[in-house]
Amino acid sequence: MWSGANRAAEEFYAGLLQEFDENKKGIRKDPFIYEADIQVQLISKGQPNPLKNILHENETIFIVEKVPLEKEEPSPIEELQSEDTAISDLSTGENVGLLALPIGRARQLIGFYTMAHNPNMTHLKINRPVTALPPLWVRCDGSDPEGISWLGAELISTSSNITGIVLYMVTCKGESSLLFCGVDKNYSVNLEDLKKSHKKRHHLSTLTASGFAQYELFKSTALDDTVAASQTTITLDISWSPVDEILQTPPLSSTATLIVKHDAAAVDGSIECLLTVRGDLDFAEQLWCKMSSSVISYQDLVKCFSLVIQSLQRGAIQPWLHSGSNSLLSKLIHQSYYGTMDTVSLSGTVPVQMLLEIGLDKLKKDYICFFIGQELASLNHLEYFISPSVDTQEQVHRVQKLHHILEIVVSCMLFIKPQHELLFSLTQSCIKYYEQNPLDEQHIFQLPVRPTAVKDLYQNEKPQKWRVEINSGQKKVKTVWQLSDSPPIDHLNFHRPDFSELTLSGSLEERISFTNMVTCSQVHFK
């Protein structure tokens, strides 16, 4: 029996080591297969990480799971049946994640990883000294009494030796409850029990308990079934220490961060209302407004500019312009004041370029008017975005950035109505980011704020997520208990009640809550 386990540990370590080495060399490959039914994938920093809602860290890890089953082409009847089955699975929670392993198999693989790194296992056919591999995490199917969803192992090492291992266990349960309603805080655990369990497991006398709460201040939703849901979210993350009780409201001495993620669909209509029509539109801006609503073809564009240029050449019009206009049309207008104008051939892309230039000039002035009028930025702050000293394509990119900043600010103005101080800080943060980075509409802007400035936004609200982390001074020695309104585990289905049976008042109060725990223990190699 032991010889079989030794060989299995040797083979498993060899596969992990090869995957690790090839990743360091930049060789990208599919997950490696172990014993036909298990696949192992190395997740590098920055890649999508299935443990992001549990570890709250961004590090390189191995993910171990079942090899996905090959899908066969279903017949039309099977397709209809599969839809009914899918609905049934979601409501009953019977369809446990196909990629997850039974707890016995998961523990076996964690054991192989531990054996291979134990310096005392000198009988194993592994080159010494052993290469310290990244942490190993195994998906579990949650079918055991504790509801284990992940098992993990992470090495304890010095600069030259592997001295031990930290073993993690993640459990998760979903149930219907009065989540964060300020009515019922009597959960199956309390803070003192968590502390006692942590001390007993790690034989340590001192510990700290730090808290984290996330409040969803705004989240846009689809207006109907035909329109995809917008992804605009405004959340408030709050951290503090010490924690006095489970589900404690964060004190005003906490550290708070506002995480704005924006989708244009949520605020486009509102921007039009907030960007009031300026009363000082010059000739080029008025022309752009008329052309944007009436020109529908290239021929229309050429005809319009031809009429304008002919009128300028005859002296029939002498329009006024704002100073600082740099479009080709503006130059022609200035030349007309002195009776001499360059000849412009309205062919090819020239008419389109002329339209783009006057549109850019107008948008820049609109944005300047908004940000300065709202006292959110000065002309100096906006110089990068409105500068005419770069080519037209770069000007377009910079105006797009400025528009995205506008969308973010308007989202906050409309949906959480923060104090002006906070809006100003958010605007400046966005400006600094976009002076150095390309446009990224998926970027989550983070802004440190004083809890006293946002207390009205969270103190009487229900957190989307509440977490306590008990730590003994070492980063990896911790116990985490978390309550959230969305499942932190992506491979398990949870029983969901039939909401059609809830009363109206019940549907407003009763929600699905998910409790998950991360516990760890240390094993030292002697």
Side-chain angles (χ1 to χ4, degrees), residues 46 48-59 179-182 191 208-220 231-263 266 408-409 411-419 421-430 432-433 440 442-471 475 478-490 511 513-518:
N49 190 326
L51 287 157
K52 64 181 179 181
N53 292 325
I54 301 169
L55 294 180
H56 318 293
E57 296 172 1
N58 183 21
E59 59 182 20
L179 175 61
F180 309 135
C181 290
L191 187 58
T208 59
S210 56
F212 170 85
Q214 184 177 82
Y215 294 83
E216 192 175 78
L217 304 182
F218 173 79
K219 182 175 183 178
S220 52
Q231 296 300 311
T232 294
T233 55
I234 304 175
T235 57
L236 183 67
D237 290 355
I238 306 182
S239 303
W240 73 98
S241 183
V243 175
D244 299 324
E245 62 175 341
I246 296 292
L247 295 185
Q248 173 188 0
T249 299
L252 294 179
S253 58
S254 305
T255 300
T257 303
L258 190 71
I259 305 185
V260 180
K261 182 181 179 183
H262 168 73
D263 179 10
I408 293 165
V409 172
S411 295
C412 290
M413 291 177 67
L414 290 175
F415 304 131
I416 64 173
K417 299 178 173 60
Q419 298 174 0
E421 173 193 359
L422 186 57
L423 271 180
F424 178 82
S425 298
L426 178 61
T427 304
Q428 295 301 308
S429 175
C430 294
K432 289 179 181 177
Y433 176 82
D440 179 7
Q442 300 304 312
H443 181 72
I444 299 176
F445 288 91
Q446 296 180 318
L447 178 68
V449 296
R450 292 180 293 105
T452 52
V454 292
K455 64 179 181 180
D456 293 339
L457 298 177
Y458 79 88
Q459 284 196 324
N460 295 318
E461 297 297 323
K462 306 164 190 175
Q464 177 189 17
K465 186 182 297 181
W466 193 98
R467 180 171 70 243
V468 60
E469 181 174 310
I470 300 170
N471 197 290
K475 182 181 179 183
K478 60 188 176 183
T479 297
V480 180
W481 184 88
Q482 178 174 284
L483 189 65
S484 59
D485 63 0
S486 59
I489 308 299
D490 62 3
R511 303 165 66 183
S513 66
F514 299 90
T515 58
N516 75 280
M517 279 192 67
V518 180

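Quick note: numbers below take in every heavy atom, side chains included, and nothing from hydrogens, waters or symmetry partners.
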Can you find a pair of side-chain heavy atoms, one from [X] and one from [Y], that are under 4.5 Å apart?
X	Y	answer
Leu236	Val449	yes
Tyr215	Ile238	yes
Thr233	Ile444	no
Ile489	Asn516	no

If you look at every heavy atom in [X] and [Y], which pair is closest and at what distance?
X	Y	result
Val468	Ala209	CG2-CB, 4.2 Å
Asn49	Glu59	ND2-O, 4.0 Å
Ser425	Leu447	O-CD1, 3.8 Å
Trp466	Ala213	CD1-CB, 4.0 Å
Leu457	Glu461	O-CG, 3.3 Å
Gln446	Ser429	O-OG, 4.0 Å

How long is the gap from [atom1] on [X] to [atom2] on [Y], to the nearest 0.5 Å?
X	Y	atom1	atom2	result
Thr249	Asp244	OG1	CG	11.0 Å
Ser484	Arg467	OG	CZ	10.0 Å
Leu258	Leu217	CG	CG	6.5 Å
Ser254	Asp237	OG	CG	12.0 Å
Glu216	Asp485	CD	CG	7.0 Å
Thr479	Glu469	OG1	CD	9.0 Å

Please name all residues satisfying side chain to side chain contact (heavy atoms under 4.5 Å, CB included) with Lys455, sequence neighbours left out, ordered by chain then number. Leu252, Tyr458, Gln459
Run Phe212 and Val480 through side chain to side chain contact (heavy atoms under 4.5 Å, CB included) and show every step you take. CA-CA 11 Å; Phe212 170 85; Val480 180; over 6 Å; no
So, using salt bridge (Lys or Arg N to Asp or Glu O under 4.0 Å) as the criterion, who are the partners of Glu421 when residues are at least two apart? Arg450
What do the steps show when you test Leu191 against Trp481 for side chain to side chain contact (heavy atoms under 4.5 Å, CB included), and what is the final call? CA-CA 9 Å; Leu191 187 58; Trp481 184 88; over 6 Å; no
Start with the C-alpha distance between Ser210 and Asn471, add both sets of side-chain angles, then the distance that settles side chain to side chain contact (heavy atoms under 4.5 Å, CB included), and finish with yes or no. CA-CA 8 Å; Ser210 56; Asn471 197 290; over 6 Å; no
